[in-house]
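The next block holds one structure in the form of structure tokens; read it before the comments.
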Amino acid sequence: MPRGAARARPRRDPRVHLRQRRDRTRPPEARRPVDPRQEPRLVLPDRPVGRDRAACSGRRGAVRRRRRGPPGREDLVSHPRHPRHHRVGDGLHDAAPRRCHPHRYPGRRRAARRGQCRHRPHRGHRSAHQPRGRSRMSTGNVRLRVAPSPTGDPHVGTAYMSLFNLAFVRQQGGQFVLRVEDTDRARFDPTSEQQVYDTLAWLGLQWDEGPDIGGPYAPYRQSERLDTYRPFVDQLLASGHAYHCWCTPDRLTEMREDQQKRKVPTGYDRLCVGKSYEQRVELGGAQATPVVRMLIPDDAPLHFTDLIRGEVNAPRPDDQVILKGDGFPTYHLAVVVDDHLMGITHVVRGEEWISSTPKHLLLFDWLGWERPAFAHMPLLRNVDKSKISKRKNPAARLTWFQEQGYLPEALLNFLGLLGYSLPSGEEVFTFADMSASFDWTRVNTVGPVFDLDKLGWLNGHYIRELPAPSLQSQLVPFLTAAGLYDGSPEHEALLAGAVPLIQTRMALLSECVDLLRCFFVSDESFEVDPAAREKSLVAAGPVLTACADALSALSTWTVESVQGAMDAALIEGLGLKRGKAYAPVRAAVCGSMISPPLPESMALLGKDRVLTRLRAAAV
RNA sequence: GGCCCCAUCGUCUAGAGGCCUAGGACACCGCCCUCUCACGGCGGCAGCGCGGGUUCGAAUCCCGCUGGGGUCACCA
């Protein structure tokens, strides 16, 4: 059977609505049997991985392994993307003991879901590093945050993270915190913070607490929290988990270059460990102001459970600086302190942070704090697959979308489509749709290319769905910026009449400028596009004259009367086909070979302007 | 380079060992509608990176390779 025939098969049930998938082989319920709303299971935060897993499979005495374990292991805690599967035999309503995994292999790459194994003997079992305490999760109050640094135009990644943060927060009824991480004084940009507010607000990604609106954990700007961090640095120093380092940047650079030359792993050589300033000065390459570094132990935790990826291994960290010479904490310290102090339960951030997670884990443990749950989102990519950057991709700048005329609902929908899919398979959806069915295990681990084609289509779709008055008001800024629109009642009426003519003809709001130019351009400035003149106007004098004559006789000026007169004069009178007849008229009146529907456009323009243009083009 | 993450059409994705002859969407191509351009309708092109293994059966589980990415700062 030819492939085409096979493919055609499922199409027998016609789609009755754009949003209706027409050929899933199964009903969604059958494919994805879990309704994530029914239980907050993904919420289980910070159980230390290894122990948990062991607990889960303990009854069978299986040896715990992380992803990529040897074949045939049955100790899989859970299937990340298919929670129900795991739950089937979980004994929830069944007294008889069941295996965690009746018959499946464990480790699909995506992530072992945590918190799913009902066999764990001690709920909240903690690792040695973790303090005892009631799980935050049990309160059901989740708190997530997005933490942009004000170092330039707001980044699309900030919106991406905010969307996923918020989808989960709103589903769970928690809070979403906006925290400004402005500890990098060198790259600080004073206008950036406001732009972050503006762009996120534009997208409707509203935070519950933040520098601008305050909240119970204020301040939310790290530069205003400097005093907060100091005691914890002292505590780490006192407990021997951190030490002063007086090495100059030059010495550090030299050391690194040398390590690279010798092809050994780069990292601080601990020259300052255990030394006083005086002792250190004698060795050279020292400066008076020290930084504070973490003393990474040999047994530092290098793996953790990720909501999206399951068990994750991370690289062994270097002796990370946590307090800079200028007295500011680095990101690593500030993020841990603030996340703890602000009661953050889930840390959702880009994949690029996986490699520094062990540092954060250590800090949480050393400070005696409960670890939050982690979810590392895939990285948005340029077309060449590299991490999305402002240099390679205009779309990396959030303000770009506003400039181009993307609708916030389209961008949001598109962002939601990157690395994620709704259980229903639906591709056109609102934030509410996404939030209602949100599930971390449906987030992909593959970094999606940020490709503008589909966004353009979505944008066109949303533009078409807009009520005309709404579209009209959204076009005004673009027309005004182009110098076409003056806000007068005449212009307003003209625009109101023109909007329905162009609504299906735009993928971007900014395209209205070209589409509407012929309506708003002044009579003196009006001119016919050279290509259109060449193609349609040469030797079209008789047609244009006949058209003008017929129209000038009209006493009423409506779409119907205009079209009637034109058809009578040109189709019946001159024996032309409509396509042939309208082309020169279009060029003369609209100045282009492409325009909104002709009779409608002419009706809108008015008799005088139409006749003027017709006669001008006829000579 | 070390370490880590990842791998289904060009792109975004569905897929949880048999429902797969791998489905959808965007893009692209063709036809229809049609005054141009769109919209809309119909159809088409196009993919499981490679090699082993486990299994009666592998896109799916395991290993290796290859490839891509990230990270190795007193940036975040």
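Chain naming here is simple, since letters A, B, ... match the order of the sequence lines and numbering starts at 1 in each. Predicted model only: the values in this text are computed from it and were never measured. The figures that follow rest on heavy atoms only: side chains count, while hydrogens, waters and symmetry mates do not.
Counting only distance, with no hydrogens or angles, the side chain of A:Ser356 and the backbone of A:Lys359 share no donor-acceptor pair below 3.5 Å. A:Asn459 places no side-chain N or O within donor-acceptor distance of the main-chain N or O of A:Ala410, the cut-off being under 3.5 Å.
Residues satisfying the salt bridge (Lys or Arg N to Asp or Glu O under 4.0 Å) criterion with A:Asp529, sequence neighbours excluded, are absent altogether. For A:Asp153, the salt bridge (Lys or Arg N to Asp or Glu O under 4.0 Å) test picks out A:Arg397, with sequence neighbours left out. With sequence neighbours excluded, the residues that form a side-chain contact (heavy atoms from CB on, under 4.5 Å) with A:Glu352 are A:Leu379, A:Lys387. Every residue was checked against the salt bridge (Lys or Arg N to Asp or Glu O under 4.0 Å) condition with A:Glu511, not counting sequence neighbours, and none meets it. For the side-chain contact (heavy atoms from CB on, under 4.5 Å) test, residues two or more places apart in sequence or in another chain that qualify with A:Ser595 are A:Arg586, A:Cys590. For the side-chain contact (heavy atoms from CB on, under 4.5 Å) test, residues two or more places apart in sequence or in another chain that qualify with A:Val292 are A:Val233, A:Leu237, A:Ala242, A:His244, A:Ile322, A:Leu323. Residues satisfying the side chain to side chain donor-acceptor pair (under 3.5 Å) criterion with A:Asn393, sequence neighbours excluded, are absent altogether.
To the nearest whole angstrom, the two P atoms, one in B:rC65 and one in B:rC45, are 38 Å apart. Between B:rC4 and B:rG41, the distance separating the two C1' atoms is 50 Å to the nearest Å. B:rC42 and B:rC6: their C1' atoms are spaced 39 Å apart (whole Å). Taking the P atoms as reference points, B:rA27 lies 16 Å from B:rU11, given to the whole Å. Taking atom C1' on both nucleotides, B:rG18 is separated from B:rC31 by 39 Å, rounded to a whole Å. A gap of 14 Å separates the P atoms of B:rG69 and B:rU8, to the nearest Å. With both ends at atom C1', the span from B:rA38 to B:rU21 equals 36 Å, rounded to whole Å. Separation of the C1' atoms belonging to B:rA76 and B:rC62 is 38 Å when rounded to the nearest angstrom.
Checked against the 6.0 Å centroid threshold, A:Phe450 and A:Phe414 count as a close aromatic pair.
Between the base of B:rG1 and the side chain of A:Gln260 there is no donor-acceptor pair shorter than 3.5 Å.
Nearest to the side chain of A:Thr445, among B:rU13, B:rC6, B:rA76, sits B:rC6. Nearest to the side-chain atoms of A:Arg442 among the listed nucleotides B:rC5, B:rA14, B:rA25 stands B:rA14.
No engagement by A:Thr151 is indicated, since no non-hydrogen atom pair under 4.0 Å with the nucleic acid exists.
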Please tabulate, one pair per line, each protein N/O and nucleotide N/O from nucleotides 33-38 of chain B that are separated by under 3.5 Å, including the distance.
unit_1 : atom_1 : unit_2   : atom_2 : d
B:rC35 : OP1    : A:Arg578 : NH1    : 2.7
B:rC35 : O2'    : A:Arg586 : NH2    : 3.0
B:rC35 : O2     : A:Arg586 : NH2    : 2.5
B:rC35 : N3     : A:Leu598 : N      : 3.3
B:rU36 : O2'    : A:Met593 : O      : 3.1
B:rU36 : N1     : A:Arg586 : NH2    : 3.4
B:rU36 : O2     : A:Ser595 : N      : 2.7
B:rU36 : O2     : A:Ser595 : O      : 3.0
B:rU36 : N3     : A:Arg586 : NH1    : 3.3
B:rU36 : N3     : A:Ser595 : O      : 2.6
B:rU36 : O4     : A:Arg505 : NH2    : 3.4
B:rU36 : O4     : A:Pro597 : N      : 3.3
B:rC37 : O2     : A:Arg505 : NE     : 2.6
B:rC37 : N3     : A:Arg505 : NE     : 3.1
B:rC37 : N3     : A:Arg505 : NH2    : 2.6
B:rC37 : N4     : A:Arg505 : NH2    : 3.1
B:rA38 : O2'    : A:Thr504 : O      : 2.2
B:rA38 : N3     : A:Thr504 : OG1    : 3.0

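Per the geometry, CG belonging to A:Leu417 stands 16 Å off P belonging to B:rG24, to the nearest Å. Distance CG (A:Asp189) to P (B:rC75): 18 Å, rounded to an integer number of Å. Rounded to an integer number of Å, the gap from CG of A:Leu411 to P of B:rC12 is 17 Å. Taking atom CG of A:Leu302 as the reference point, atom P of B:rG2 lies 18 Å away to the nearest angstrom. Between the CG atom of A:Asn393 and the P atom of B:rU11 there is a distance of 15 Å, given to the nearest Å. If you take CE of A:Met161 and P of B:rA76, they are 18 Å apart, rounded to a whole angstrom. One can place CG of A:Leu458 at 13 Å from C1' of B:rU13, the figure rounded to the nearest angstrom. What separates CH2 of A:Trp457 from C1' of B:rC28 is a distance of 16 Å, to the nearest Å.
Across the strands present, B:rG18 finds its partner in B:rC56; the criterion is a Watson-Crick or G-U wobble pair with both atom distances under 3.5 angstrom. Nucleotide B:rA7 has B:rU66 as its partner under the Watson-Crick or G-U criteria, with both atom distances under 3.5 Å. The nucleotide B:rU71 finds its pairing partner in B:rG2, both defining distances of the Watson-Crick or G-U wobble pair being shorter than 3.5 Å. Here B:rA46 sits opposite no nucleotide as a Watson-Crick or G-U wobble pair (both hydrogen-bonding atom distances under 3.5 Å).
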Contact pattern, 5' to 3', of nucleotides 69-74 of chain B - B, S or - by protein heavy atom under 4.0 Å: SSSSSB

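Taking the nucleotide of RNA chain B with the nearest heavy atom to each of A:Lys454 and A:Phe450, the more 5' of the two is matched to A:Phe450.
In terms of phosphate contacts, A:Asn444 brings a side-chain nitrogen or oxygen within less than 4.0 Å of OP1 or OP2 of B:rA14. Within the 4.0 Å cut-off from OP1 or OP2 of B:rC3, not a single side-chain nitrogen or oxygen of A:Asn313 is found.
The residues A:Lys261 and A:Asp258 are annotated as not salt-bridged, no charged nitrogen and carboxylate oxygen being separated by less than 4.0 angstrom.
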